[in-house]
Number of protein chains: 2
Amino acid sequence: MAPRMTRQRAAVAQALEGSSDFRSAQQLHESLRASGDGIGLATVYRTLQQLADGGEVDVLRTADGESVYRRCARREHHHHLVCRSCGRAVEIDGPGVEEWAARIGAAQGFADVEHTVELSGTCARCREAVGPA
Amino acid sequence: MAPRMTRQRAAVAQALEGSSDFRSAQQLHESLRASGDGIGLATVYRTLQQLADGGEVDVLRTADGESVYRRCARREHHHHLVCRSCGRAVEIDGPGVEEWAARIGAAQGFADVEHTVELSGTCARCREAVGPA
DNA sequence: ACGAGTTTGACAATCATTCTCACCAGGGCA
DNA sequence: TGCCCTGGTGAGAATGATTGTCAAACTCGT
């Protein structure tokens, strides 16, 4: 049962297409309201969750526990390098990391091993904005 | 200025020593109250945060966004393999992962690259508890 | 033991997220 | 095209972890 295509769902999807950064549900809700799309906060959450379940978007958690969402180019498993300052995100894949995780897990007798690998740093643009250290 | 040694601080520290699993602030608070140590929830949070700042304990976030704490044997940087079912945690180090993260970051022009690497799976004990697949 | 400065703890406040439930709209069908 | 059923929506309440507040209690150097 594919979800119905509603104005709200389309708006959320489009908002995600528009940016290459991770955005929180709150941020998306705000910018949607700002751009005239009447939409409820609960709907934004619901839609994001459905998109995430369907693998349409990637979810990760910021340091302060907020969930952020991003429409990713590749649907296969991959990781991110996110700028702490501006939020710009780069998709990366970890050749070897996957295998490493599986190997470690097996060595400890664990099955169904999943892994979370995220990198964060300060991107070149933000660094030069404040001047070199 | 080393923090003062109070009954509450000692109780929290001891509670952490007692277990090898990650525990939430709420759980710790509850078990401290249960074992007769009168302590406020706010104090548990404060103490855990201070311990975490001082590198005394490791913090990570569960899938539902709750912070969990654990007293770790090694103080150097390391990662964890946590059982999804029973919460048992194994400390692991990632030879190569650190370097890999730094290399990826540099290649994208990022500085001060930090990385988060956590593994989760089902440990052997839990697996046999329900029988093999 | 004394006093200054921390720490505590009950409770309120915050904040993201989820729940509720009456109302509304998408879309298959006649 | 119009109807109706069903899933989707949204305003606001509820939840639950975490943090802020501030007077009272406690630690520790003297």
Side-chain angles (χ1 to χ4, degrees), chain A residues 1-16 19 21-54 56-70 82 87 116 118, chain B residues 1-16 19 21-54 56-70 82 87 116 118:
Chain A
M1 46 165 183
R4 285 182 191 168
M5 181 49 58
T6 63
R7 176 177 56 76
Q8 292 85 342
R9 178 172 299 272
V12 171
Q14 186 166 34
L16 284 168
S19 166
D21 301 340
F22 281 91
R23 318 270 296 282
S24 71
Q26 308 276 351
Q27 288 176 317
L28 285 165
H29 176 239
E30 204 170 348
S31 64
L32 284 169
R33 296 304 277 263
S35 58
D37 294 298
I39 189 171
L41 181 55
T43 302
V44 175
Y45 275 103
R46 271 189 300 248
T47 305
L48 287 173
Q49 204 150 63
Q50 288 164 357
L51 290 173
D53 287 347
E56 298 290 317
V57 301
D58 278 7
V59 194
L60 56 85
R61 290 198 178 258
T62 62
D64 56 317
E66 202 177 6
S67 293
V68 286
Y69 305 82
R70 179 185 196 249
V82 184
T116 301
E118 298 298 338
Chain B
M1 48 167 182
R4 286 183 189 170
M5 182 48 58
T6 63
R7 177 178 57 78
Q8 294 84 342
R9 179 172 297 272
V12 170
Q14 187 167 33
L16 284 168
S19 166
D21 302 340
F22 282 91
R23 316 270 295 284
S24 72
Q26 307 277 350
Q27 288 177 317
L28 286 165
H29 177 238
E30 203 170 347
S31 64
L32 285 169
R33 296 304 278 262
S35 58
D37 294 296
I39 190 172
L41 182 53
T43 302
V44 175
Y45 273 103
R46 270 188 301 246
T47 305
L48 287 173
Q49 203 149 64
Q50 287 165 357
L51 291 173
D53 286 347
E56 299 289 319
V57 301
D58 277 8
V59 194
L60 55 86
R61 290 199 177 257
T62 62
D64 55 317
E66 201 177 6
S67 294
V68 286
Y69 306 81
R70 179 184 196 250
V82 183
T116 300
E118 298 298 338

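Because only heavy atoms are used, hydrogens play no part in the values below, and waters and symmetry mates are left out as well, while side chains stay in.
A donor-acceptor pair is defined here as one N or O able to donate and one able to accept, closer than 3.5 Å; such a pair exists between the side chain of B:R9 and the backbone of B:R4. Between the B:S35 side chain and the B:L32 main chain, a donor and an acceptor come within less than 3.5 Å of each other. A:R7 places no side-chain N or O within 3.5 Å of a backbone atom of A:I39 that could act as its donor or acceptor partner.
The side chain of A:T6 places no N or O atom within less than 4.0 Å of a non-bridging phosphate oxygen (OP1 or OP2) of D:dG7. For B:Y45, a side-chain nitrogen or oxygen approaches OP1 or OP2 of D:dT18 to under 4.0 Å. For C:dT17, the OP1/OP2 oxygens have no side-chain nitrogen or oxygen of A:Q49 closer than 4.0 Å.
Shortest non-hydrogen contact noted between B:T62 and A:R61 is O-NE, 4.5 Å. For B:A11 against B:D37, the heavy-atom pair with the smallest separation is CB-CG, 4.2 Å.
Taking the ring-ring contact (aromatic ring centres under 6.0 Å, His included) definition, one finds that B:F22 meets it with B:H80, sequence neighbours left out.
Using a 4.0 Å heavy-atom distance criterion, B:Q50 is classed as making no nucleic acid contact. Residue A:L41 is in base contact, counting any heavy-atom pair closer than 4.0 Å across all strands shown. Base contact: A:T43 has a heavy atom under 4.0 Å from a base atom.
Comparing C:dT17, C:dG9, C:dG27 against the side chain of A:M5 picks out C:dG27 as the nearest. With C:dG27, C:dA10, D:dT9 as the candidates, the nucleotide lying closest to the side chain of B:R33 is C:dA10. Here the side chain of A:A42 is nearest to one of D:dG10, D:dA17, C:dT17, namely D:dG10.
Side-chain N/O atoms of A:R4 and base N/O atoms of D:dT6 include a donor-acceptor pair closer than 3.5 Å.
Proximity of residues 61-70 of chain A to DNA chain C (heavy atom under 4.0 angstrom from any strand atom) is restricted to A:E66, A:S67. Heavy-atom distances under 4.0 Å link DNA chain C to B:R7, B:Q8 of residues 7-15 of chain B, given in residue order.
Regarding A:L32, its CG atom lies at a distance of 12 Å from the P atom of D:dT9, rounded to whole Å. Note: CZ (A:R46) to C1' (D:dG8) measures 7 Å, nearest angstrom. Rounded to whole Å, atom C1' of D:dG8 lies 15 Å from atom CG of A:L48.
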Stepwise side-chain contact (heavy atoms from CB on, under 4.5 Å) test for A:E118 and A:L60: CA-CA 9 Å; A:E118 298 298 338; A:L60 56 85; 3.7 Å; yes

Please walk me through it: do A:E30 and A:Q26 pass side-chain contact (heavy atoms from CB on, under 4.5 Å)? CA-CA 6 Å; A:E30 204 170 348; A:Q26 308 276 351; 5.7 Å; no

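Results of the side chain to side chain contact (heavy atoms under 4.5 Å, CB included) test with B:L51 over B:V57, B:D58, B:V59 single out B:V57 as the only residue that passes.
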